[in-house]
Amino acid sequence: MSQVVNAGFPILTATAAVPAVGAILTAAVPAARRTAAKWLALTVSLVTLVLAVVVLVDFEPGGDRYQFVESYSWIKDFGVRYELGVDGIGVALIALTALLIPFIILAGWHDADPLETKSSRWRPTQGFFALILMVEAMVILSFEATDVFLFYILFEAMLIPMYFLIGGFGDRAHAGSDENAAAQRSYAAVKFLLYNLVGGLIMLAAVIGLYVVAGNFSLTEIAAARADGSLEMATNTERLLFLGFFFAFAVKAPLWPLHTWLPNAMGEATAPVAVLITAVVDKVGTFAMLRFCLQLFPEASKWATPVIIALALVSIVYGALLAVGQRDIKRLVAYASISHFGFIIMGIFAMTSQGQSGATLYMVNHGISTAALMLVAGFLISRRGSRLIADYGGVQKVAPVLAGTFLIGGLATLSLPGLAPFVSEFLVLVGTFARYPVAGIIATTGIVLAALYTLVLYQRTMTGPVATEEIRTMPDLRVRELVVVAPLIALLIFLGVFPKPLTDIVNPAVMHTMSDVQQSDPQPTVPLQTVEAK
């Protein structure tokens, strides 16, 4: 496995260092200058986006598997290195993260302003934006890390700022309304932390086991040794190590039955933080399945595939069914995300190039579509002061632009042809059906259920007579909110019509992963018939 250490500007380090330093500077802004802290955080996120675009443009899909490689000794006695490198999958997810953070900051512009209510606690605005930037730094670096120990540190460390974002900055829809609101936020934050810490501790045992077997933590060296046969693992050892890694990633993803923290976390967090959870942080779990599980433990990955496919199918159907029955807008989007993550995991373990390409595209497209839908939902909730679907009705009569963008975000969520998620969901289903036709057929029920919960949500909130006086006086989207939503809608349409720029970057990396697990696409069972000329 070839990789050339980059002797030039360390651009990968820069993409993570800029938001990390920006987080420190933002937190240091005096308390009286909240607006300055907001503009500083936004500027830092835009600089990070520029660096991510440079990486995206300079990346050569047909070049080395890992590019912009940086490698420095860190803990020499244990063979731990500060080692970075990106393939096409990592580049796509770094670009997604850097793209979404400015919109998250803009959408949450007033979410951390001090409240006047008696029961509210002091809400440090600077801390809110500093935590977002710190999460961005850790997520980007986790997409770049090719040292297993370094990745583990980042995988766990990102839980700390997320804990404070969930527990310390609650949803404005019921912030200060009663004493139970703070308790609900604390419960959601603690549940998020405990679930992911348990997964991380199990992964730590597997990381130590991997070091005992391989003698180092370098992903590229271990994978190369596995490929050329110089490093062999006993079957039971490989399976145990695989399960340790996969369990942690399945919690983060999240995969049924390890998913229950997500609805609580997204429901109690502000809408921008909910987007940060499901569109950014959770992608680390599915990305790691591709990078670490399949690459380090190819035989164990194939051994576990039938069970993982079954769990993914349960996630697809179960998440969609619970979304249909939700009365809370944000929890509906959370359960819909559980269903979508089922599609992503199913595509990864279908072990076909179409399935894995579709899964990678799904990670990017789900991030964009969920951000669009959840952020518009957040704007809606902030106007009405309620997350309950029953408290809405007739919004399109008074706020047509808000209703229209909400509809497009919803249609993207149900994978309407012409919008970006359709391409990825189609590839996942085609790739799954090629190897597991029954699973592919069952998974299509998720599409039907997605149409049901999305269209019913729109009908109950946006159509019909104006439900209340609060809705009658509801303003339409403001300029700041349009700046947040319009680029996401445009990107959904562009990638839905012309996904080639993304597939060109992703496909070579997918073929490398297919080679890791020594799989090729199954041939059609019915050969093409040729008609003889008469």
Side-chain angles (χ1 to χ4, degrees), residues 1 3 65-66 69 79-81 83-94 138-158 196 199-227 231 233 237-255 258 281-305 308 341 344-345 347-349 351 356 359-360 363 509-510 512-519:
M1 184 176 301
Q3 64 171 8
R65 179 173 186 175
Y66 293 104
V69 173
V80 179
R81 301 187 64 82
E83 193 169 85
L84 309 179
V86 289
D87 59 1
I89 299 169
V91 164
L93 292 174
I94 290 169
M138 292 179 181
V139 169
I140 287 177
L141 204 56
S142 68
F143 292 141
E144 299 169 347
T146 56
D147 183 277
V148 177
F149 188 81
L150 174 62
F151 174 84
Y152 171 76
I153 295 296
L154 297 165
F155 187 81
E156 290 290 89
M158 68 180 70
N196 284 275
L201 288 173
I202 293 175
M203 180 183 169
L204 176 61
V207 169
I208 295 171
L210 180 65
Y211 177 76
V212 171
V213 172
N216 65 79
F217 292 106
S218 173
L219 169 69
T220 53
E221 291 182 16
I222 296 172
R226 297 302 314 277
L231 173 61
M233 292 185 191
T237 300
E238 180 176 350
R239 290 177 179 179
L240 286 173
L241 294 178
F242 167 85
L243 290 174
F245 277 79
F246 180 80
F247 183 86
F249 303 152
V251 172
K252 185 86 80 179
L255 178 68
L258 305 171
V281 173
D282 286 355
K283 298 300 186 300
V284 176
T286 47
F287 164 80
M289 291 178 190
L290 276 166
R291 171 165 281 191
F292 294 99
C293 287
L294 270 60
Q295 197 168 339
L296 294 175
F297 316 110
E299 295 303 320
S301 297
K302 289 185 283 188
W303 162 76
T305 287
I308 295 172
F341 275 105
I344 294 171
I345 295 170
I348 292 172
F349 285 90
M351 301 293 182
Q356 293 187 357
T360 304
M363 288 187 238
V510 166
H512 282 297
T513 304
M514 290 285 290
S515 177
D516 291 334
V517 292
Q518 299 179 347
Q519 291 279 25

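Excluded from the calculations below are hydrogen atoms, water molecules and symmetry mates; all remaining heavy atoms, backbone and side chain alike, are included.
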Do you see a donor-acceptor pair shorter than 3.5 Å between the side chains of Q356 and T513?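 No, no side-chain donor-acceptor pair sits under 3.5 Å.
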Kindly compute the distance separating [atom1] ([X]) from [atom2] ([Y]), expressed to the nearest 0.5 Å.
X	Y	atom1	atom2	value
I308	M289	CD1	CE	7.5 Å
T360	L290	OG1	CG	5.0 Å
L84	L141	CG	CG	5.5 Å
R291	Y66	CZ	OH	4.5 Å
M363	D282	CE	CG	12.0 Å
L241	I208	CG	CD1	11.0 Å

Is [Y] close to [X] at the side-chain level, that is, under 4.5 Å between some pair of heavy atoms?
X	Y	answer
V284	M158	yes
E238	P298	yes
V148	L296	yes
L210	M233	yes
F151	V207	no

How close do [X] and [Y] get, heavy atom to heavy atom, and via which atoms?
X	Y	result
L258	P254	O-CB, 4.1 Å
G88	A509	N-CB, 3.7 Å
S142	L154	N-CD1, 3.7 Å
E83	S218	OE1-OG, 3.0 Å
F242	C293	CE1-CB, 3.7 Å
G244	A206	CA-CB, 3.9 Å

Tell me whether D147 contacts the main-chain N or O of R81 through its side chain, where contact means a donor paired with an acceptor under 3.5 Å. yes
V91, I140, L93, T146 screened by side chain to side chain contact (heavy atoms under 4.5 Å, CB included) with V86, the one that passes: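 By the side chain to side chain contact (heavy atoms under 4.5 Å, CB included) criterion, V86 pairs with just one of V91, I140, L93, T146: V91.
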Start with the C-alpha gap between F246 and L255, add the side-chain angles, then the distance that decides, and say whether side chain to side chain contact (heavy atoms under 4.5 Å, CB included) holds. CA-CA 10 Å; F246 180 80; L255 178 68; 3.8 Å; yes
Here's a test for you: under ring-ring contact (aromatic ring centres under 6.0 Å, His included), which of F349, F155, F341 qualifies with F249?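 When ring-ring contact (aromatic ring centres under 6.0 Å, His included) is applied between F249 and each of F349, F155, F341, only F155 qualifies.
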Can M203 and V251 be said to form a side chain to side chain contact (heavy atoms under 4.5 Å, CB included), step by step? CA-CA 11 Å; M203 180 183 169; V251 172; over 6 Å; no
Qualifying residues under side-chain hydrogen bond (donor to acceptor under 3.5 Å, both in side chains), relative to K283, sequence neighbours excluded: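 Result, side-chain hydrogen bond (donor to acceptor under 3.5 Å, both in side chains) vs K283: H366.
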Which of parallel (below 30°), tilted (30 to 60°) and perpendicular (above 60°) describes F149 and Y152?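 It falls in the tilted class, 30° to 60°.
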Given I222 and V213, is the side chain to side chain contact (heavy atoms under 4.5 Å, CB included) satisfied, shown in steps? CA-CA 10 Å; I222 296 172; V213 172; over 6 Å; no
How far apart are the C-alpha atoms of F217 and L150, what are their side-chain angles, what is the distance that settles it, and do they pass the side chain to side chain contact (heavy atoms under 4.5 Å, CB included) test? CA-CA 9 Å; F217 292 106; L150 174 62; over 6 Å; no
